[in-house]
Amino acid sequence: MPLTPPAEPDPEPKMNWASFYAVISGVNRHSTGIGRIWLSVLFIFRILVLVVAAESVWGDEKSGFTCNTQQPGCNSVCYDHFFPISHIRLWALQLILVSTPALLVAMHVAHRRHVDKRLYKLSGRTNPKDLEQIKTQKMKITGALWWTYVISLFFRIVFEVTFMYVFYMIYPGYKMIRLVKCDSYPCPNTVDCFVSRPTEKTVFTVFMLAVSGVCILLNIAEVVFLVGKACSKHLHNAGDSTMGAWIQQKLCLY
């Protein structure tokens with residue numbers, strides 16, 4: 001009987017970043033100018049770099065990690081000890097969590113459109129053009145949407161800072177060390193283990209964290225812009241002389 005070659009293992013499934021970007025970019029048209037810059041930085045300098053370059057750099061991280069011993073299991077145990085989570089998976093989780101607050105804004109916009117449609121129908125305006133205009137119109141960041149937008153920005157900042165701290169705790173100094181010494185079981189003694197392409201990985205790590213810092217600054221700038229704009233409107237409105245009236249005005253719209 002002819003021998004059949006062994007079946008090749010299925011390739012590891014990868015994140016569909018194009019669909020991910022399409023989802024969060026729907027909020028872009030309702031954002032401020034700073035929010036649009038943030039989304040561009042997120043896509044160009046984080047998602048594209050992660051997909052095009054970083055994934056190939058870390059593609060051999062497990063196979064390229066070698067220790068000067070033939071003891072079975074020693075390489076795997078030492079690798080798990082010094083690299084408990086892959087940079088790529090940690091960055092992917094960071095991008096997903098950082099982008100998730102934008103979905104709060106998207107859901108709020110969808111809710112406002114649904115309410116607008118109901119009001120149009122109750123008033124007897126059933127013209128398809130009017131209903132289509134509701135779908136395409138840009139929502140102003142006022143009322144309750146203002147609060148949702150600002151809260152989403154605070155969540156982004158918290159997630160970014162948290163992940164930068166996690167990176168620092170797992171990889172002190174954000175450096176990829178060249179040589180590690182491991183004495184974990186089942187290694188027979190203290191063995192030397194070598195990391196593949198440590199300098200290149202360090203450069204990518206610093207770059208990704210620097211872009212993360214830029215995103216934090218953009219989020220802070222957007223919060224300052226929105227709060228400053230709201231305060232300036234409050235000061236120029238003679239009828240709202242108290243902070244309580246200003247907050248009530250912010251909450252008066254759905």
Side-chain angles (χ1 to χ4, degrees), residues 11-21 24-25 34-69 74-102 155-182 184 190-222:
E12 182 180 356
K14 293 186 178 181
M15 174 77 178
N16 190 342
W17 293 107
S19 301
F20 175 76
Y21 176 76
I24 63 174
S25 62
I34 301 176
R36 296 188 185 96
I37 296 174
W38 172 83
L39 186 61
S40 300
V41 172
L42 180 77
F43 180 69
I44 298 174
F45 295 102
R46 300 182 76 172
I47 295 179
L48 280 184
V49 171
L50 180 64
V51 173
V52 175
E55 286 187 348
S56 61
V57 172
W58 268 269
D60 63 342
E61 57 178 339
K62 183 69 168 59
S63 60
F65 184 84
T66 57
C67 301
N68 58 353
T69 180
C74 182
N75 277 27
S76 297
V77 170
C78 293
Y79 178 84
D80 182 70
H81 175 74
F82 289 101
F83 306 102
I85 183 171
S86 168
H87 282 68
I88 299 299
R89 291 174 177 84
L90 196 57
W91 280 327
L93 180 61
Q94 179 183 13
L95 290 175
I96 292 172
L97 290 180
V98 166
S99 304
T100 298
F155 273 113
R156 285 186 203 168
I157 295 171
V158 170
F159 285 140
E160 293 277 21
V161 173
T162 300
F163 272 93
M164 292 188 74
Y165 176 75
V166 169
F167 264 103
Y168 184 80
M169 293 300 296
I170 297 178
Y171 308 104
Y174 305 125
K175 280 188 175 183
M176 184 65 66
I177 50 181
R178 300 172 181 270
L179 171 67
V180 295
K181 294 184 178 295
C182 178
S184 301
T190 302
V191 298
D192 296 332
C193 299
F194 304 90
V195 181
S196 66
R197 294 186 282 189
T199 303
E200 189 175 10
K201 291 178 179 179
T202 300
V203 171
F204 270 102
T205 301
V206 173
F207 174 81
M208 294 293 284
L209 292 172
V211 177
S212 180
V214 172
C215 289
I216 293 175
L217 294 178
L218 288 173
N219 290 327
I220 294 175
E222 193 170 10

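One-based numbering along the sequence shown.
We find the CH2-CZ distance between Trp38 and Arg156 to be 4.0 Å, quoted to the nearest 0.5 Å. Considering CD1 of Ile47 and CH2 of Trp91, their distance stands at 14.0 Å, rounded to 0.5 Å. In this structure, OG1 on Thr162 lies 9.5 Å from CG on Leu97, to the nearest 0.5 angstrom. Taking CZ of Arg178 as the reference point, atom OG of Ser196 lies at 12.0 Å (rounded to 0.5 Å). Taking CG of Leu209 as the reference point, atom CZ of Phe163 lies at 12.0 Å (rounded to 0.5 Å). The SG atom of Cys215 sits 11.5 Å away from atom CD1 of Ile37, with the distance rounded to the nearest 0.5 Å.
Between Met164 and Ile216 the shortest side-chain heavy-atom distance falls below 4.5 Å. Using a 4.5 Å cut-off on side-chain heavy atoms (C-beta onward), Lys175 and Pro198 make no contact. The shortest side-chain heavy-atom distance between Val191 and Lys181 does not fall under the 4.5 Å cut-off. Inter-residue side-chain proximity for Phe167 and Gln94 is flagged as met; some heavy-atom pair is nearer than 4.5 Å. With contacts defined as side-chain heavy-atom distances shorter than 4.5 Å, the pair Val98/Leu95 does not qualify.
Summarising the local packing, CZ of Phe45 is surrounded by 12 or fewer heavy atoms from other residues, nucleotides or ligands at distances under 6.0 Å. For Phe155, the CZ atom counts as loosely surrounded, since its 6.0 Å shell holds 12 or fewer non-hydrogen atoms of other residues, nucleotides or ligands. Residue-environment remark: CZ (Phe194) exceeds the threshold of 12 foreign heavy atoms within 6.0 Å.
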Derivation and outcome, side-chain contact (heavy atoms from CB on, under 4.5 Å), residues Val195 and Phe83: CA-CA 10 Å; Val195 181; Phe83 306 102; 3.7 Å; yes

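A distance below 2.5 Å between sulfur gamma atoms is not met by Cys193 and Cys78.
Listed here is the closest heavy atom pair of Leu218 and Ile34: O-CG2, 3.4 Å.
Checking side-chain atoms of Asn68 against main-chain N and O of Asp192 turns up a donor-acceptor pair under 3.5 Å.
Aromatic ring centroids of His87 and Phe204 lie 6.0 Å or more apart.
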